[in-house]
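Take a look at the structure below.
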2 protein chains.
Amino acid sequence: MPKDRAPTRIQKKNRAAILEAALNVFSAHGFRGATVDQIATEAGLSKPNLLYYFPSKEAIHTALLSGLLEIWLAPLHDLDESGDPLHEILSYIHRKLQMSRELPRESRLFANELVQGAPRINDALSNDLKTLVDEKTKILTHWMDQGKIARLHPYHLIFSIWALTQHYADFDVQVRSILGDEDPFEGADPFIDTLYRKLLTP
Amino acid sequence: MPKDRAPTRIQKKNRAAILEAALNVFSAHGFRGATVDQIATEAGLSKPNLLYYFPSKEAIHTALLSGLLEIWLAPLHDLDESGDPLHEILSYIHRKLQMSRELPRESRLFANELVQGAPRINDALSNDLKTLVDEKTKILTHWMDQGKIARLHPYHLIFSIWALTQHYADFDVQVRSILGDEDPFEGADPFIDTLYRKLLTP
DNA sequence: CGTGAGTTTGACCAGATGGTCAAATCAAGA
DNA sequence: TCTTGATTTGACCATCTGGTCAAACTCACG
């Protein structure tokens with residue numbers, strides 16, 4: 001394992017390569033389905049060399065998840081109480097859908113974890129995520145109280161946004177096997193936009 | 001492997017026990033994460049004994065999936081052109097949500113497959129599923145043409161139903177870590193009902 | 001009963017996999 | 001250039017895992 005000093009040029013490069021490769025492999029095969037050898041090969045390293053940078057398979061996975069959780073939650077973080085309610089929510093939805101389009105591996109990485117009961121990120125869910133969601137549902141409820149948007153169960157409103165947007169990344173195979181050549185997001189964007197405009201109009 | 005005659009009492013019992021155990025294990029850990037030993041133990045059999053009934057791990061998985069696909073698609077199958085459009089669609093949605101509640105393992109079994117690119121059921125997707133969906137979207141489009149329901153992209157309408165209902169089974173941990181003690185389906189049912197009533201009203 | 005088919009299992013195997021280690025190689029500053 | 005720490009690797013290990021097999025056991029039926 002590299003010493004605890006400032007990372008060298010080589011360390012930076014290799015750590016980044018490992019995390020990039022790990023994202024590919026973990027998102028495609030899940031934790032158990034991924035092999036250290038596969039990650040090492042994809043990162044252009046030998047297995048022992050990879051294990052020189054991370055002490056274990058688990059450590060790579062943890063580093064990857066915790067590094068990405070922030071990115072993943074950023075759009076919700078940005079939901080602004082002082083903005084226009086409908087615009088704020090639609091912006092959030094739009095960003096989430098864009099993330100499904102541009103970061104499908106990240107979406108599937110989390111999906112893999114969650115479907116299997118999130119054995120390695122339960123803490124983050126119950127703490128960071130719950131706190132953030134509680135904070136933002138308060139804003140939503142406030143908007144509903146003011147009659148700015150339709151009254152709905154705020155938690156389920158958020159779940160619906162997650163479900164509808166991430167579906168296109170997580171179940172990409174299914175979506176594409178039905179749509180054929182049509183770009184899923186071409187139709188998804190206006191559909192979801194219409195849906196939430198109708199739903200949120202008081 | 002048992003002979004090709006009519007199954008004995010013991011064969012029936014053990015085959016059923018194996019499939020039940022396999023559903024538990026595969027849905028919780030994915031194909032790669034499941035072990036034959038674990039399935040055997042959960043079914044109350046030794047590993048060689050299990051492999052006396054199914055020739056391989058893969059065979060168990062295949063048997064399970066193909067057996068459940070029919071059940072899984074039944075609600076969509078029942079969508080009836082001659083019924084009242086809004087009622088037919090809402091019934092479908094309600095049944096799907098109920099399946100998430102009562103058959104979460106089945107939902108996660110498919111979710112695990114799909115998230116990882118459906119390496120073992122790609123055929124079924126491109127054939128059976130696509131055919132069924134094409135058939136039913138035709139009905140939806142017809143209803144839209146008649147002005148009975150709002151005009152929407154029919155494929156994305158179906159995707160949205162899948163996403164919203166299966167979310168509660170597939171990402172159960174996440175939903176519960178946010179809702180706490182509250183029963184997810186208690187709030188989900190009216191929320192989704194409201195959503196589609198608003199969305200589908202022309 | 002007795003017998004043959006159906007069922008079960010302990011012992012075993014080969015390959016995969018996560019991880020270790022000492023030795024070899026490389027890179028950068030004195 | 002030389003030295004020292006950083007980096008890389010081949011060889012190796014223990015464990016897990018899917019699967020096999022021959023022998024033992026059980027059951028249903030004549």
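All heavy atoms count here, side chains included; hydrogens, waters and symmetry mates do not. Residue numbers start from 1 in every chain, and the chains themselves are labelled A, B, ... in the order their sequence lines are given, proteins ahead of strands.
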How would you list all residue pairs meeting ring pair (Phe, Tyr, Trp, His ring centres under 6.0 Å) that involve [range], not counting sequence neighbours?
range: residues 25-47 of chain B; value: B:F26-B:F31, B:F26-B:H61, B:F31-B:H61
range: residues 105-127 of chain B; value: B:W72-B:F110
range: residues 74-103 of chain A; value: none

Using ring pair (Phe, Tyr, Trp, His ring centres under 6.0 Å) as the criterion, list what pairs up with [X], not counting sequence neighbours.
X: B:W143; value: none
X: A:Y196; value: none
X: B:H156; value: A:Y168, B:H153, B:F159

TODO: Kindly state which residues belonging to residues 108-116 of chain A come within less than 4.0 angstrom of DNA chain D, counting heavy atoms of the residue only, listed by number.
DONE: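 Going residue by residue through residues 108-116 of chain A, none turns out to have a heavy atom under 4.0 Å of DNA chain D.
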
- [ ] Using heavy atoms and a sub-4.0 Å distance, could you list which residues of residues 27-41 of chain A are near DNA chain D? By number, please.
- [x]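 Listed by number, they are A:R32.
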
Open item on the list: Please check: side-chain N/O of A:K198 versus main-chain N/O of B:L199, any donor-acceptor pairing under 3.5 Å?
Closed with: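 Yes, the answer is positive, given that a donor and an acceptor are paired below the 3.5 Å cut-off.
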
Task: Donor-acceptor under 3.5 Å (A:K136 side chain, A:L79 main chain) - done: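 Checked: pair present.
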
Open item on the list: Tell me the closest heavy-atom pair linking B:P85 and B:K148, and the distance in Å.
Closed with: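 Answer, listing the atom of B:P85 first, then B:K148: CG-CB, 3.7 Å.
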
For atom [atom1] of [X] and atom [atom2] of [N], their distance in whole Å:
X: A:Y52; N: D:dT8; atom1: OH; atom2: C1'; answer: 9 Å
X: B:L51; N: D:dA22; atom1: CG; atom2: C1'; answer: 16 Å
X: B:Q11; N: C:dG6; atom1: CD; atom2: P; answer: 8 Å
X: B:Y53; N: D:dG19; atom1: OH; atom2: P; answer: 18 Å
X: A:I18; N: D:dT7; atom1: CD1; atom2: P; answer: 11 Å

Produce the list of close N/O pairs, under 3.5 Å, pairing protein atoms with atoms of nucleotides 22-29 of chain C; give distances to one decimal.
from: C:dA28; atom 1: OP1; to: A:R9; atom 2: NH2; distance (Å): 2.9

Open item on the list: Contact between A:K130 and B:S177 at the side-chain level, heavy atoms closer than 4.5 Å - yes or no?
Closed with: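 The answer is no; the side chains never approach within 4.5 Å.
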
TODO: Return the nearest nucleotide to the side chain of A:K57; candidates are D:dA6, D:dG19, C:dG19.
DONE: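 Looking only at heavy atoms from C-beta outward on A:K57, the closest nucleotide is C:dG19.
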
TODO: Name every residue in residues 43-50 of chain A that has at least one heavy atom under 4.0 Å from any atom of DNA chain C, in order of residue number, or write none if there are no such residues.
DONE: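 Contacts with DNA chain C under 4.0 Å: A:K47, A:P48.
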
Open item on the list: Per the side-chain hydrogen bond (donor to acceptor under 3.5 Å, both in side chains) rule, what does the pair list look like for residues 17-28 of chain B, sequence neighbours excluded?
Closed with: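 Found B:E20-B:R105, B:N24-B:E42, B:N24-B:R105.
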
Open item on the list: It should be established whether A:T8 places a side-chain nitrogen or oxygen under 4.0 Å from OP1 or OP2 of nucleotide D:dT7.
Closed with: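 Indeed, a polar side-chain atom of A:T8 lies that close.
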
TODO: Kindly say if A:N14 contacts the phosphate of D:dA6, meaning a side-chain N or O under 4.0 Å from OP1 or OP2.
DONE: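 No, outside the criterion.
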
TODO: Run through A:D189, A:D183, A:T165 and flag the one making a side chain to side chain donor-acceptor pair (under 3.5 Å) with A:R101.
DONE: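 With A:R101 as partner, side chain to side chain donor-acceptor pair (under 3.5 Å) holds for just one option, A:D183.
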
Task: Which residues share a salt bridge (Lys or Arg N to Asp or Glu O under 4.0 Å) with B:D78, sequence neighbours left out - done: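 Only B:R95 meet the salt bridge (Lys or Arg N to Asp or Glu O under 4.0 Å) criterion with B:D78.
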
